[in-house]
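Atoms within a ligand are numbered from 1 in the order they appear, just like the ligands themselves. For the numbers below, each heavy atom of this structure counts, side chains included, while hydrogens, waters and symmetry mates do not.
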Amino acid sequence: MILILLGAPGAGKGTQAQRLQDKHGLVQLSTGDMLRAAVAAGTEVGIEAKSVMERGELVSDEIMTGIISERLDQPDCEKGVILDGFPRTEAQAEALDLMLRDKEMSLNSVIEMKTDDVVLVERVTGRYTCANCGAGYHDSFLKPVEDGVCDKCKGTEFSRRSDDTAETVRSRLQSYHNQTAPLLPYYKGKGILKQVDGMAEIDEVTQQIEALL
Ligand code: AMP
């Protein structure tokens with residue numbers, strides 16, 4: 001199965017993709033995570049992507065389609081994948097169609113996580129993750145049971161993304177509306193677009209997605 005989660009920054013794509021991965025054995029392909037790993041490793045792609053990401057703009061279609069095409073060839077992707085953060089432009093969506101045809105794979109569903117921009121700024125600026133296991137938390141909505149201690153692994157180090165500032169989130173939202181939202185009619189036209197309410201509680205969104213699959 002190939003599934004795309006489409007939504008603005010902070011819509012909950014990563015959270016829901018992790019849950020789908022755990023429950024259905026699908027592989028979460030987060031292009032944001034891949035780029036952050038490349039930045040941390042100081043690779044050529046990472047060096048090029050770093051400043052673009054810090055401005056809240058989009059990395060080039062050529063780099064992104066290359067990364068995804070290579071990743072889809074890995075054997076673990078045979079189980080099925082959840083695309084989290086890709087495609088983000090019409091050029092990426094068209095390139096994805098072509099690469100899936102070449103790889104004899106097919107796209108099953110595109111799930112739009114509908115949200116309201118005002119809430120997204122608060123969601124994104126308050127989020128942080130456990131530096132050890134990657135579990136996600138939020139200053140207001142999802143605090144660890146014991147203050148400063150990860151519920152999952154008991155780690156005590158946490159990190160925040162450098163692009164989760166109010167200013168960068170606004171620019172990322174603009175990129176979403178200008179460049180990514182046009183994908184909604186693109187996939188609607190193919191008859192594979194579905195929607196969930198991304199403003200609902202995390203568990204409720206999971207149930208809505210499960211009902212669609
Ligand atoms: P995310 O973790 O999905 O919010 O992505 C973080 C940042 O990585 C974005 O703001 C973009 O700068 C970059 N990025 C991630 N995925 C893509 C993509 N498919 N196309 C272009 N840029 C991307």
Any Lys/Arg nitrogen of D116 or R123 sitting under 4.0 Å from an Asp/Glu carboxylate oxygen of the other? no
Please say whether more than 12 non-hydrogen atoms of neighbouring residues, nucleotides or ligands are located less than 6.0 Å from CD in E62. no
Donor-acceptor contact present, side-chain H177 to main-chain A8, <3.5 Å: no
Would the distance check show the side chain of E210 and the main-chain N or O of T206 forming a donor-acceptor pair, the cut-off being under 3.5 Å? no
Keeping T65 on the side-chain end and D61 on the backbone end, is there a donor-acceptor pair under 3.5 Å? yes
Tell me, which residues have any heavy atom less than 4.0 Å from some atom of ligand 1? T31, G32, L35, R36, M53, E57, L58, V59, M64, G85, F86, R88, Q92, R161, D163, R172
Without swapping roles, check the side chain of Y137 against the backbone of G126 for a donor-acceptor pair under 3.5 Å. no
